[in-house]
> 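My structure is below; once you've seen it, I'll send some questions.
Computed from a prediction, not measured in an experiment: that's the story for all the values here.
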Amino acid sequence: MSATLGSIILQLEPGWDICLYERLDRAGMEASDSWNNAGTGHSALCELNYSPASADGSVEPTKAIKINEQFQVSRQFWSHMVVAGHIGAPRKFINPIPHMSFVWGDGPADYLRRRYEALKPQPLFETMEHTEDHATLSEWAPLVMGGRDPKQRVAASRVEGGTDIDFGSLTRELTEFMEKNDVDLNFGMEVTNVVRGSDGRWEVSVKDRATGEEATVRARFVFIGAGGGALHLLQRTGIPEGKGFGGFPVGGQFLRCGNEEVVDQHNAKVYGQASVGAPPMSVPHLDTRFVNGKRSLLFGPYAGFSTKFLKRGSLLDLPLSLRPSNLIPMLAVGKDNMDLAKYLITEVLKSRESKNEGLREYYPQADGHAWELITAGQRVQVIKKHPTKGGILQFGTEMITSSDGSIGALLGASPGASTAAPIMFEMLERCFPQQATAWQQKIKEMIPGYGVKLNENPQLAREILSETAKTLQL
């Protein structure tokens with residue numbers, strides 16, 4: 001998020017002074033890192049939690065369309081950065097891969113058919129295919145179908161034009177662009193406090209993690225894009241807009257396969273349905289990944305629990321985030337989400353064999369012991385006040401800005417990185433309304449479809465999808 005925002009501001013206002021502070025020694029090593037997430041270009045093509053069935057069984061496409069629209073803005077931004085020569089070869093960070101939803105059983109298969117019927121007429125989803133034919137599915141995903149009961153009812157929807165994204169590599173490409181253009185990058189520097197000075201500017205306290213040396217940086221505008229670490233810094237600002245927010249950390253693990261004979265048989269991101277009570281980030285999926293130019297296969301995630309807000313964080317992160325203003329929302333969420341607590345306890349206690357059984361549901365002939373168990377990144381789900389419930393667990397991202405636009409922060413998780421560009425453009429609109437008109441032409445150069453709902457403009461949507469596919473070598 002921070003790398004995206006910095007790259008945008010640098011092009012809109014090249015005369016502004018920009019500083020970036022990162023507590024680790026390299027950019028994109030927490031939630032953005034290659035193996036700390038599934039690398040899915042989240043565009044709602046295969047993720048069923050973005051288009052759930054309502055009480056009457058119908059499927060409402062609105063949320064899926066919104067997320068796809070957001071992803072197209074990011075895709076246009078990345079395309080612009082490649083065309084302008086600001087970042088390198090697109091295959092360093094983005095690769096084409098079909099996105100596929102897969103379910104079994106009568107109820108799930110009926111739902112997937114209704115989902116397909118709701119999304120297929122939408123221009124952004126017009127290339128979606130659907131089948132329950134075992135032979136067709138064996139062509140789409142042979143590992144998923146090999147050894148499966150031929151009498152089992154299965155169903156799948158697929159869009160060939162999906163993507164796999166190495167967000168860690170993308171983050172580093174963006175920060176390298178900033179460094180080449182005199183942005184002040186500071187690694188190994190932990191931000192310890194953010195307070196407003198007497199003159200209205202923000203005073204950002206930073207500490208060199210290697211030497212212990214401390215310094216204060218003064219700024220007219222601050223963006224807190226610290227992933228799970230953003231909540232603590234937001235709380236320290238004291239802005240009223242940040243009060244009442246809490247965070248619930250959820251960890252995860254993946255199984256990773258590097259056996260080329262197995263990897264070469266699978267060419268898709270295959271998403272299933274989440275277990276009852278599971279958070280959206282725990283939707284099981286069997287994914288083709290491209291990291292550092294090498295293909296591999298990923299299955300998971302298996303949810304876990306830690307009180308850390310960052311993978312390289314502190315076990316005190318959760319208790320130290322408690323405030324009088326967020327205690328009631330957090331207690332209310334705890335009371336109303338006992339199924340989530342039960343799910344997490346079950347996941348934490350899972351044996352390796354139980355994890356292997358989960359893999360075999362999606363890859364029946366898998367030898368789970370030949371797969372490596374890796375620890376993924378931490379996610380911090382947003383907890384926010386609610387007028388009647390006391391508090392709710394917010395799945396997704398939450399942007400908080402001060403009333404005067406001098407500071408902004410981003411909390412939350414999926415779809416996260418996939419929608420970084422539109423989120424950061426919205427942040428700029430909120431925080432710099434006085435510059436909005438002057439920036440319009442430049443933004444339009446970056447994002448040809450900016451401000452337009454592509455799903456309501458089919459011809460423009462096809463043109464932009466075609467052009468960005470060409471530029472990004474998709």
> ring-ring contact (aromatic ring centres under 6.0 Å, His included) for Phe425 and Tyr450? Distances and angles first, verdict last.
CA-CA 10 Å; Phe425 278 116; Tyr450 190 76; 5.3 Å; yes
> Determine, for Lys350 against Glu347, whether the closest basic-nitrogen to carboxylate-oxygen distance falls under 4.0 angstrom.
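Yes, charged N to carboxylate O under 4.0 Å.
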> Looking only at heavy atoms, what is the nearest atom pair of Asp25 and Gly188, with distance?
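Between these two residues, the closest heavy atoms are OD1-CA, 3.7 Å.
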> Give the C-alpha distance, both sets of side-chain angles, the deciding distance and a yes or no for side-chain contact (heavy atoms from CB on, under 4.5 Å) between Phe290 and Thr163.
CA-CA 10 Å; Phe290 297 87; Thr163 54; over 6 Å; no
> Which atom pair, heavy atoms only, marks the closest approach of Val194 to Trp202?
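So the minimum-distance heavy-atom pair works out to CG1-CE3, 3.8 Å.
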> Does the ring center of Phe299 lie less than 6.0 Å from the ring center of Tyr362?
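Ring-ring flag for Phe299/Tyr362: true, centres closer than 6.0 Å.
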> Would a distance-only check, ignoring hydrogens and angles, find a side-chain to backbone donor-acceptor pair under 3.5 Å from Ser43 to Asn68?
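Side chain of Ser43 to backbone of Asn68, a donor-acceptor pair under 3.5 Å: no, none is there.
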> Has the side chain of Glu429 got a donor or acceptor atom that lies under 3.5 Å from a matching backbone atom of Ala436?
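Not confirmed, Glu429 side chain does not pair with Ala436 backbone.
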> List the atom of Thr4, the atom of Ala420, and the distance in Å for their closest heavy-atom pair.
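Looking at all heavy atoms of both residues, the closest pair is OG1-CB, 3.8 Å.
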> Count the heavy atoms of every other residue, nucleotide or ligand shown that sit under 6.0 Å from CD1 of Ile328, and state whether that count exceeds 12.
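Not buried by this count: 12 neighbours or fewer within 6.0 Å.
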> So do Gln235 and Phe245 actually touch side chain to side chain, heavy atoms under 4.5 Å?
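In short, these two side chains do not touch, never coming nearer than 4.5 Å.
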> Between Met29 and Lys311, is any pair of side-chain heavy atoms under 4.5 Å apart?
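Met29 does not reach Lys311 side chain to side chain.
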> I'd like to know if Arg430 pairs up with Glu426 as an ion pair, taking the criterion as any Lys NZ or Arg NE/NH1/NH2 lying under 4.0 Å from an Asp or Glu carboxylate oxygen.
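A salt bridge is present here (some side-chain N lies under 4.0 Å from a carboxylate O).
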> Are more than 12 heavy atoms, taken from residues, nucleotides or ligands other than Lys453, located less than 6.0 Å from that residue's NZ atom?
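Open: at most 12 neighbouring heavy atoms sit under 6.0 Å from NZ of Lys453.
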> Is there a ring-ring contact (aromatic ring centres under 6.0 Å, His included) between Phe432 and Trp16 once you walk through the steps?
CA-CA 13 Å; Phe432 298 94; Trp16 287 8; 5.3 Å; yes
> Check the pair Ser354, Ser351 against side-chain hydrogen bond (donor to acceptor under 3.5 Å, both in side chains), reporting the backbone distance first and the verdict last.
CA-CA 5 Å; Ser354 294; Ser351 66; 3.1 Å; yes
> Is it the case that over 12 heavy atoms from other parts of the model lie below 6.0 angstrom from the CG atom of Asn292?
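Atom CG in Asn292 is not crowded, with 12 or fewer foreign heavy atoms closer than 6.0 Å.
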> Apply side-chain contact (heavy atoms from CB on, under 4.5 Å) to residues Arg289 and Arg256 and explain how you reach the verdict.
CA-CA 10 Å; Arg289 293 298 322 272; Arg256 179 172 64 190; over 6 Å; no
> Is the Trp104 ring parallel, tilted or perpendicular to the Phe102 ring (thresholds 30°, 60°)?
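Geometry flag for Phe102 against Trp104: tilted rings.
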> Within a strict 4.5 Å, meaning less than it, do heavy atoms of the Met427 and Thr401 side chains meet?
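They are in contact (side-chain heavy atoms under 4.5 Å apart), so the answer is yes.
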> A quick test of your reading: do over 12 heavy atoms of other residues, nucleotides or ligands sit less than 6.0 Å from NZ of Lys442?
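Counting other residues, nucleotides and ligands, NZ of Lys442 exceeds 12 neighbours.
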> State, to 0.1 Å, how close Glu179 and Leu185 come at their nearest heavy-atom pair, and which atoms those are.
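Answer, listing the atom of Glu179 first, then Leu185: CB-CD1, 3.6 Å.
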> Flag the pair Ser406 / Val222 as yes when at least one side-chain heavy-atom distance between them is below 4.5 Å, and no otherwise.
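Heavy-atom side-chain distance check fails, nothing below 4.5 Å.
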> Ala38: what forms a side-chain contact (heavy atoms from CB on, under 4.5 Å) with it, not counting sequence neighbours?
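Only Thr40, Phe254, Tyr271, His285, Asp287 meet the side-chain contact (heavy atoms from CB on, under 4.5 Å) criterion with Ala38.
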> Could you tell me whether the side chain of Ser418 and the main chain of His42 form a donor-acceptor pair under 3.5 Å?
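Pair found, side chain donor or acceptor close to backbone of His42.
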> Given side-chain contact (heavy atoms from CB on, under 4.5 Å), test Ile443 with Leu428 step by step and report yes or no.
CA-CA 11 Å; Ile443 292 175; Leu428 289 172; over 6 Å; no
> Atom CD of Gln394 and atom CD of Gln381: how far apart are they, to the nearest 0.5 Å?
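Answer rounded to 0.5 Å: 9.5 Å.
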> For Phe223 and Met424: C-alpha separation, side-chain torsions, deciding distance, then whether side-chain contact (heavy atoms from CB on, under 4.5 Å) applies.
CA-CA 10 Å; Phe223 171 62; Met424 291 300 94; 3.7 Å; yes
> Look at the side chain of His232 and the backbone N and O of Asp317, then say whether any donor-acceptor pair between them is shorter than 3.5 Å.
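Confirmed, His232 side chain pairs with Asp317 backbone.
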> Kindly give the heavy-atom pair with the smallest separation between Gly28 and Arg172, and that separation in Å.
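Nearest pair, atom of Gly28 first, then Arg172: O-NH1, 3.6 Å.
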> Can you check whether Ile67 reaches Gln70 side chain to side chain, under 4.5 Å on heavy atoms?
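With C-beta onward as the side chain, the pair touches.
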> Has Asp199 got more than 12 heavy atoms of other residues, nucleotides or ligands less than 6.0 Å from its CG?
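Result for CG/Asp199: enclosed.
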> Got more than 12 heavy atoms from elsewhere within 6.0 Å of CZ, Arg312?
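Count over threshold, so yes.
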> Just by distance, do the side chain of Arg352 and the backbone of Gly368 share a donor-acceptor pair under 3.5 Å?
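Yes, because the side chain of Arg352 sits within donor-acceptor range (under 3.5 Å) of the backbone of Gly368.
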> Just so I know, are the side chains of Ile400 and Ile239 near enough to count as touching, which here means a heavy-atom distance under 4.5 Å?
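In short, these two side chains touch, coming nearer than 4.5 Å.
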> Nearest 0.5 angstrom please: Ser321 OG to Asn326 CG, how far?
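Going from OG on Ser321 over to CG on Asn326, the span is 6.0 Å.
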> Any salt bridge linking Arg360 with Glu353? Criterion: basic side-chain nitrogen under 4.0 Å from a carboxylate oxygen.
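Yes.
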> If only atom types and distance count, is the side chain of Asn95 paired as donor or acceptor with the main-chain N or O of Asp164 below 3.5 Å?
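Not a single qualifying donor-acceptor pair exists.
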> Is a side-chain donor or acceptor of Gln11 paired with a backbone partner of Ser7 at a separation under 3.5 angstrom?
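At least one qualifying donor-acceptor pair exists.
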> To the nearest 0.5 Å, how far apart are OG1 in Thr307 and CZ in Phe248?
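Going from OG1 on Thr307 over to CZ on Phe248, the span is 10.5 Å.
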> Under 3.5 Å, side chain of Asp166 to main-chain N/O of Ser169, donor-acceptor pair present?
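Looks like yes, one N/O pair under 3.5 Å.
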> Are side-chain heavy atoms of Glu13 and Gln435 found at a separation under 4.5 Å?
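Result yes, sub-4.5 Å side-chain heavy-atom pair found.
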> How close do Gly244 and Lys385 get, counting heavy atoms only, and between which atoms?
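Answer, listing the atom of Gly244 first, then Lys385: CA-CE, 3.6 Å.
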> Near Glu372 CD, under 6.0 Å, is it more than 12 heavy atoms from other residues, nucleotides or ligands?
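Above 12, so yes.
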> To the nearest 0.5 Å, how far apart are CZ in Phe305 and CD1 in Ile345?
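The distance works out to 9.5 Å.
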> Just how far is it from atom CG of Leu234 to atom CD1 of Ile407, taken to the nearest 0.5 Å?
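So the CG of Leu234 and the CD1 of Ile407 are separated by 7.5 Å.
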> State the CG-CD distance between Asp208 and Glu214, to the nearest 0.5 angstrom.
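Separation between the atoms: 10.0 Å.
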> State whether the side chain of Arg201 and the backbone N or O of Ser198 hold a donor-acceptor pair below 3.5 Å, judged by distance alone.
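No: the side chain of Arg201 does not pair with the backbone of Ser198.
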> Testing the 3.5 Å rule here: is there a donor-acceptor pair between the side chains of Glu190 and Thr192?
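Their side chains do not contain a donor-acceptor pair, so the 3.5 Å distance test is not met.
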> Okay, side chain of Glu47, backbone of Asn49: is any donor-acceptor separation there less than 3.5 Å?
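Here the side-chain-to-backbone pair does not exist.
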> Can you establish whether the number of heavy atoms outside Glu117 located under 6.0 Å from its atom CD is more than 12?
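Counting neighbours around CD of Glu117, more than 12 heavy atoms of other residues, nucleotides or ligands fall under 6.0 Å, so yes.
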> Less than 4.5 Å apart, side chain to side chain, heavy atoms only: is that true for Gln72 and Val452?
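SC-SC contact between Gln72 and Val452 ruled out.
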